[in-house]
Amino acid sequence: LYLCHNLLLADRFKTHDALQHDNFTVLPIYHFYRKALRANDVKFTEFDYAEEERLFSSDAITAKEQYDFIVIDEAQDLLSAPIVKILDEYIAEENGGLEDGEYLVLLDLAQSYDTDNQSTLDAIKEHAAKFKLLKNFRVSGSQQLSDFVQRAQQGDLQLDKTYQDIEILPFEHTDDIPNILINHVSEKLNNEVFNKNEFVILNSTNLIGYSRSKPRPLTKFYESNTDLFQFLDDELHQDLGDKIHYTTPLKFKGLEKPVVYLVIDDLYNKWHKNFHQFQIGVSRAQSKLVILMDQKSIDKTHDQ
């Protein structure tokens with residue numbers, strides 16, 4: 001059983017050729033909760049995530065299926081009570097249950113949806129004796145990228161340095177982003193260093209999508225260039241089509257691409273929600289990271 005928080009991450013595993021057999025189950029965590037609630041005839045309000053999590057954690061839910069091995073990914077976004085319940089009740093008893101069973105719990109507090117994640121940390125510590133805590137690891141083909149990510153997650157940005165695998169492209173106004181993006185992406189494609197399916201463009205949430213009053217700044221740009229760009233939604237298989245995918249850092253959590261463009265503005269302090277998205281976005285790149293950032297934010301980090 002493989003469980004995670006992110007729908008795109010679950011979809012990636014569901015469609016992976018190596019995992020296409022009957023004894024491997026992949027579910028986003030809330031789909032798992034709903035499956036368990038239905039199996040136990042417990043009524044619930046779908047998409048009321050707090051209620052689904054609370055009901056699943058209650059004594060009313062008993063395991064109707066058991067597994068030999070359980071992986072819980074993105075555990076930083078889940079409360080510890082459901083995690084312990086899953087490991088305690090859903091590992092087959094003949095395999096030792098929680099005490100001696102086979103399981104792997106993966107988490108990264110810097111990637112948590114809860115940017116003030118002390119409560120998450122406290123909850124994990126409460127059950128820390130249940131788990132073997134291993135060192136951090138991340139797949140990256142570049143030591144430079146790994147070092148940059150580690151510094152970024154500590155709130156230390158060195159944007160004035162020269163990097164081989166990282167480019168910083170400043171813009172004065174959000175209206176400048178389309179031309180910078182198109183020109184830079186076209187240059188990379190023309191040089192045939194990377195293919196389109198090796199790219200992803202991650203945009204902070206205040207730059208794409210819709211507000212109640214008007215479209216956000218980059219929405220019209222992407223929707224006017226559908227010959228080149230395609231929004232990566234929850235049902236889209238990762239590497240299909242000859243287009244460059246774009247989405248937000250939050251939706252792309254847990255996934256990686258060789259080339260990541262991170263488009264972000266208003267990065268003024270490490271407590272801002274955009275800084276959290278920045279930390280997630282920079283850690284998605286395997287080989288090349290290109291950051292489009294407003295000049296004011298770059299100046300601010302230089303001043304610090």
Side-chain angles (χ1 to χ4, degrees), residues 4-6 8-9 12 73-77 104-118 120-121 124 133-170 181 184 188 193-194 198-205 207 232 238 244-294 297-298 300-302 304:
C4 63
H5 190 281
N6 189 348
L8 283 174
L9 182 58
R12 178 65 175 267
D73 204 350
E74 302 183 298
Q76 73 278 354
D77 294 321
L104 177 63
V105 178
L106 302 169
L107 65 133
D108 183 348
L109 289 176
Q111 306 281 315
S112 175
Y113 278 107
D114 178 11
T115 54
D116 180 18
N117 53 33
Q118 187 60 46
T120 304
L121 180 59
I124 290 170
L133 302 179
L134 305 179
K135 67 179 181 179
N136 291 341
F137 65 93
R138 185 176 300 282
V139 177
S140 175
S142 165
Q143 184 61 46
Q144 191 179 84
L145 277 171
S146 297
D147 292 343
F148 186 85
V149 169
Q150 185 175 358
R151 287 181 176 276
Q153 292 185 340
Q154 295 170 352
D156 179 15
L157 297 184
Q158 297 186 358
L159 302 179
D160 54 345
K161 291 182 62 177
T162 300
Y163 300 96
Q164 180 179 354
D165 302 324
I166 304 166
E167 292 185 60
I168 313 294
L169 305 179
L181 197 56
H184 201 272
K188 285 286 183 289
V193 179
F194 296 100
E198 295 178 296
F199 282 71
V200 69
I201 303 174
L202 305 180
N203 309 263
S204 59
T205 52
L207 290 176
L232 186 58
Q238 296 296 313
I244 295 174
H245 291 150
Y246 69 94
T247 184
T248 67
L250 296 178
K251 278 187 169 289
F252 206 70
K253 284 178 62 178
L255 297 168
E256 294 174 327
K257 281 284 188 179
V259 184
V260 169
Y261 280 75
L262 178 61
V263 187
I264 198 156
D265 68 338
D266 194 20
L267 192 69
Y268 296 130
N269 64 69
K270 63 182 180 181
W271 298 279
H272 193 277
K273 64 178 183 179
N274 272 6
F275 194 90
H276 176 56
Q277 294 185 64
F278 179 88
Q279 291 175 314
I280 294 172
V282 296
S283 64
R284 303 301 95 207
Q286 295 172 315
S287 301
K288 184 75 175 178
L289 174 64
V290 182
I291 304 171
L292 278 72
M293 181 183 296
D294 74 305
S297 292
I298 295 175
K300 183 70 173 180
T301 59
H302 289 178
Q304 292 175 344

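Counting from 1, the numbers follow the sequence of the chain as shown. What you see below is based on every heavy atom in this structure, not just the backbone, and it leaves out hydrogens, waters and symmetry mates.
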## Note on the structure
Taking every heavy atom of Met293 against every heavy atom of Phe278, the minimum-distance pair comes out as CE-CE1, 3.5 Å
### Task
Taking Asp73 for its side chain and Val105 for its backbone only, find out whether a donor-acceptor pair lies under 3.5 Å.
no
### Message
How long is the straight-line distance from CG of Leu289 back to CD of Gln144, given to the nearest 0.5 Å?
### Response
10.0 Å
#### Entry: 4.5 Å side-chain heavy-atom contact, Ile264 and Leu292
no
### Task
Would you please name every residue forming a side-chain hydrogen bond (donor to acceptor under 3.5 Å, both in side chains) with Tyr261, sequence neighbours left out?
His184
### Task
Work out which heavy atom in Leu9 is nearest to a heavy atom in Cys4; give both atom names and the distance.
CD2-CB, 3.9 Å
### Query
Between Leu255 and Leu8, is any pair of side-chain heavy atoms under 4.5 Å apart?
yes
### Task
Would you check, one step at a time, whether the test salt bridge (Lys or Arg N to Asp or Glu O under 4.0 Å) holds for Glu198 with Lys288?
CA-CA 10 Å; Glu198 295 178 296; Lys288 184 75 175 178; over 6 Å; no
#### Entry: Spacing of CD belonging to Gln277 relative to OG1 belonging to Thr205, to within rounding of 0.5 Å
4.0 Å
#### Entry: Min side-chain heavy-atom separation Ile201-Leu181 under 4.5 Å
yes
#### Entry: Closest approach of Leu145 to Ala285 (non-hydrogen atoms, all atoms of both residues)
CD1-O, 3.9 Å
### Message
I want to check something: taking the side chain as every heavy atom from C-beta on, are Phe148 and Ile291 in contact at a cut-off of under 4.5 Å?
### Response
yes
### Query
Short question: side chain of Asn6, backbone of Lys251 - any donor-acceptor pair under 3.5 Å?
yes
### Task
Return the minimal non-hydrogen interatomic distance between Val260 and Lys257, and the atom names on each side.
CG2-O, 4.0 Å
### Task
Given side chain to side chain donor-acceptor pair (under 3.5 Å), test Gln111 with Ser283 step by step and report yes or no.
CA-CA 9 Å; Gln111 306 281 315; Ser283 64; 3.1 Å; yes
### Pairwise distance CG(Asp108) to CD(Gln279) - rounded to 0.5 angstrom
9.5 Å
### By side-chain hydrogen bond (donor to acceptor under 3.5 Å, both in side chains) - contacts of Gln150 (at least two apart)
none
### Query
Are any of the side-chain heavy atoms of Lys253 and Asp77 separated by less than 4.5 Å?
yes
### Task
Compare all side-chain heavy atoms of Leu262 with those of Pro249 and state whether any distance is below 4.5 angstrom.
yes
### Query
Would you say Tyr246 and Leu232 make side-chain contact, with heavy atoms under 4.5 Å?
no
### Message
Taking Arg12 first and then Glu256, would you say they form a salt bridge - that is, a charged N and a carboxylate O separated by under 4.0 Å?
### Response
no
### Message
Please determine whether side-chain contact (heavy atoms from CB on, under 4.5 Å) holds for the pair Asp265 and Leu207, giving the CA-CA distance in whole Å, both sets of side-chain angles, and the decisive distance to 0.1 Å.
### Response
CA-CA 8 Å; Asp265 68 338; Leu207 290 176; 3.9 Å; yes
#### Entry: Close side-chain approach of Thr248 and Leu202, heavy atoms under 4.5 Å
no
